[in-house]
Number of protein chains: 2
Amino acid sequence: MLDEGIATCSSLELAAAAGVNSAKLRKDLSYLGSYGTRGVGYEVEYLSYQIAREIGLTQDWHIVIVGIGNLGHALANYSGFSSRGFRTVALLDADESRQGEDVTGMSIRRFDELEAVVAEYRVDIGVIATPAISAQGVCDRMVEVGIRSILNFAPTILNVPQGVDVRRVDLASELQILAFHEQRKAAPGPDIEESA
Amino acid sequence: MLDEGIATCSSLELAAAAGVNSAKLRKDLSYLGSYGTRGVGYEVEYLSYQIAREIGLTQDWHIVIVGIGNLGHALANYSGFSSRGFRTVALLDADESRQGEDVTGMSIRRFDELEAVVAEYRVDIGVIATPAISAQGVCDRMVEVGIRSILNFAPTILNVPQGVDVRRVDLASELQILAFHEQRKAAPGPDIEESA
DNA sequence: AGGAGTTTGTGAACGTACGAACAAACTGAG
DNA sequence: CTCAGTTTGTTCGTACGTTCACAAACTCCT
Ligand SMILES: NC(=O)c1ccc[n+]([C@@H]2O[C@H](COP(=O)([O-])OP(=O)(O)OC[C@H]3O[C@@H](n4cnc5c(N)ncnc54)[C@H](O)[C@@H]3O)[C@@H](O)[C@H]2O)c1
Ligand SMILES: NC(=O)c1ccc[n+]([C@@H]2O[C@H](COP(=O)([O-])OP(=O)(O)OC[C@H]3O[C@@H](n4cnc5c(N)ncnc54)[C@H](O)[C@@H]3O)[C@@H](O)[C@H]2O)c1
């Protein structure tokens with residue numbers, strides 16, 4: 001809306017755009033403060049800034065991607081991160097044959113350079129895109145060098161000490177959830193209340 | 001556990017592996033039926049089969065990937081899907097210059113062949129990996145040709161008729177959630193109960 | 001057989017997310 | 001100024017997911 005030059009908008013419009021209930025949206029926004037005007041709605045630019053400030057979008061976040069295989073390459077090439085304040089400061093891989101390979105103007109470094117990278121830049125978030133077997137080891141090393149936020153694409157549960165935040169993206173599970181619902185749709189019908 | 005030849009396991013072990021509370025795990029499993037033995041635990045092979053049956057893993061699911069760019073390539077190359085019963089039956093892209101390109105023994109077809117693909121194979125799930133602007137259009141076409149389950153990687157909310165299931169994977173949001181918590185950790189401290 | 005030790009399945013308490021609904025606050029027309 | 005129309009902020013009831021805790025059920029050792 002900011003890009004389109006829209007000055008003001010209602011909670012109904014925002015809710016539709018976000019795909020949620022308008023009451024929920026208003027309640028959520030109310031936790032940030034009272035930034036709307038009754039009878040009018042929200043001023044797009046003002047609200048936008050307030051949300052950005054609250055989520056932490058006003059500062060730049062440094063991320064490191066470990067495991068530059070299929071997925072790692074896609075992530076490294078993705079421009080959608082930088083536009084939201086995320087800057088990839090290093091690409092690391094254990095595979096010797098990948099060293100120095102150029103990905104979008106950044107060359108792949110050895111995984112054991114992680115500590116040096118953290119010292120050089122500050123690193124806020126570590127992304128794990130290695131095979132599942134290596135994931136816990138990579139995670140442990142990240143924690144050792146002081147990284148406290150991890151995004152994990154490997155299909156494993158990572159063990160981390162308290163204070164470290166892990167989020168997992170499991171694409172196979174996403175497909176399975178869809179498949180499960182699909183199976184339900186095709187099912188012979190619910191046992192109870194068949195004619196309801 | 002099945003691969004490792006473990007015959008039996010307790011809800012505590014399963015809960016640890018899944019990263020959840022053991023009571024929750026037991027309650028969830030209880031919805032499938034009473035497949036455990038008190039004082040012993042669950043028989044791995046038996047439980048594994050029962051879960052597979054319930055989730056829909058006993059049948060093969062056909063998926064189509066639309067938008068074979070950075071992310072689409074990674075998804076097409078990913079072996080983790082097939083091992084869970086998902087088979088990619090077609091790769092589609094609108095870009096003429098990509099036609100016929102070979103990706104893991106499968107050649108990229110034109111997007112307008114979608115209907116033919118659906119007729120040839122049965123297609124259970126459509127994956128959208130196109131830029132955000134194209135996503136709704138691709139989605140509409142998928143719905144038209146009868147696809148009722150969609151996995152969307154584009155950062156947009158898709159409008160679909162009732163009965164169609166959409167799951168969105170928004171990687172930028174995942175990073176933002178981590179960044180938000182990171183900001184909280186570094187914050188000057190909560191206003192209330194500072195010394196608690 | 002009996003008792004000690006395990007582990008499941010579930011009843012009940014708890015907290016919390018969600019959505020309906022409404023008063024309060026604003027705009028604009030007459 | 002008043003009144004009709006609009007939209008926010010919040011209260012309240014409900015439903016649901018989560019966890020504790022314990023009886024029931026099983027094994028194994030003596
Ligand atoms: N490709 C996908 O679309 C996709 C989808 C879902 C999940 N995943 C998961 O993401 C992860 C990566 O997938 P991928 O397809 O990119 O695999 P890949 O094999 O193409 O890439 C893995 C990379 O990690 C590197 N690596 C291995 N061990 C390492 C270590 N200890 N330290 C640093 N680097 C190491 C390898 O050299 C390789 O370059 C896997 O866990 C996979 O299950 C991938
Ligand atoms: N690459 C990533 O790591 C990443 C991460 C998060 C989100 N995403 C999202 O995933 C989507 C794809 O990202 P990407 O990096 O692969 O982009 P990309 O530009 O590399 O690939 C997009 C592909 O879609 C094709 N396409 C465009 N319009 C189409 C249409 N109407 N029908 C069929 N094909 C069409 C293009 O020809 C291109 O090949 C984007 O929406 C992006 O925001 C990507």
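In what follows, chains carry the letters A, B, and so on, assigned in the order in which the sequence lines appear, proteins first and then strands, with residues in each chain numbered from 1. These numbers come from a predicted model, not from an experiment.
Atom pair A:Leu12:CG and C:dG19:P shows a separation of 13 Å (rounding to whole Å applied). One can place NZ of A:Lys24 at 16 Å from C1' of D:dG9, the figure rounded to the nearest angstrom. For B:Tyr31 and D:dT18, the OH to C1' distance is 11 Å, given to the nearest whole Å. When rounded to the nearest whole Å, the span between CG of B:Leu29 and P of C:dT8 equals 9 Å. If you take CG of B:Asn21 and C1' of D:dA21, they are 12 Å apart, rounded to a whole angstrom. Rounding to whole angstrom units, CZ of residue A:Arg26 and P of D:dT11 are separated by 14 Å. In this structure, CD of B:Glu13 is placed 8 Å from P of C:dT7, rounded to the nearest angstrom. Distance B:Asp28 CG to D:dT19 P: 10 Å, rounded to the nearest Å.
One finds the OG1 atom of A:Thr37 at 9.5 Å from the OH atom of A:Tyr42 (value rounded to the nearest 0.5 Å). Summarising the geometry, atom CD1 belonging to A:Ile63 is positioned 8.5 Å from atom CG belonging to A:Leu151; distances are rounded to the nearest 0.5 Å.
Residues forming a ring-ring contact (aromatic ring centres under 6.0 Å, His included) with A:Phe81 (at least two apart in sequence, or on another chain): A:Tyr78. The ring-ring contact (aromatic ring centres under 6.0 Å, His included) check on B:Tyr46 picks up B:Tyr35, with sequence neighbours excluded.
Look at A:Ser11 and you'll find a side-chain N or O under 4.0 angstrom from OP1 or OP2 of D:dT8.
Only B:Ser34, B:Tyr35, B:Gly36, B:Thr37, B:Arg38, B:Gly39, B:Val40, B:Gly41, B:Tyr42, listed by number, bring a heavy atom of residues 34-56 of chain B to less than 4.0 angstrom from any atom of DNA chain C.
Side chains of A:Thr104 and A:Asn77: a donor-acceptor N/O pair is present below 3.5 angstrom, by distance only.
Just one of B:Ile65, B:Val66, B:Ile108 meets the side-chain contact (heavy atoms from CB on, under 4.5 Å) condition when paired with B:Asp93; it is B:Ile108.
The base of C:dG19 sits within donor-acceptor range of the side chain of A:Lys27, with an N or O pair under 3.5 Å.
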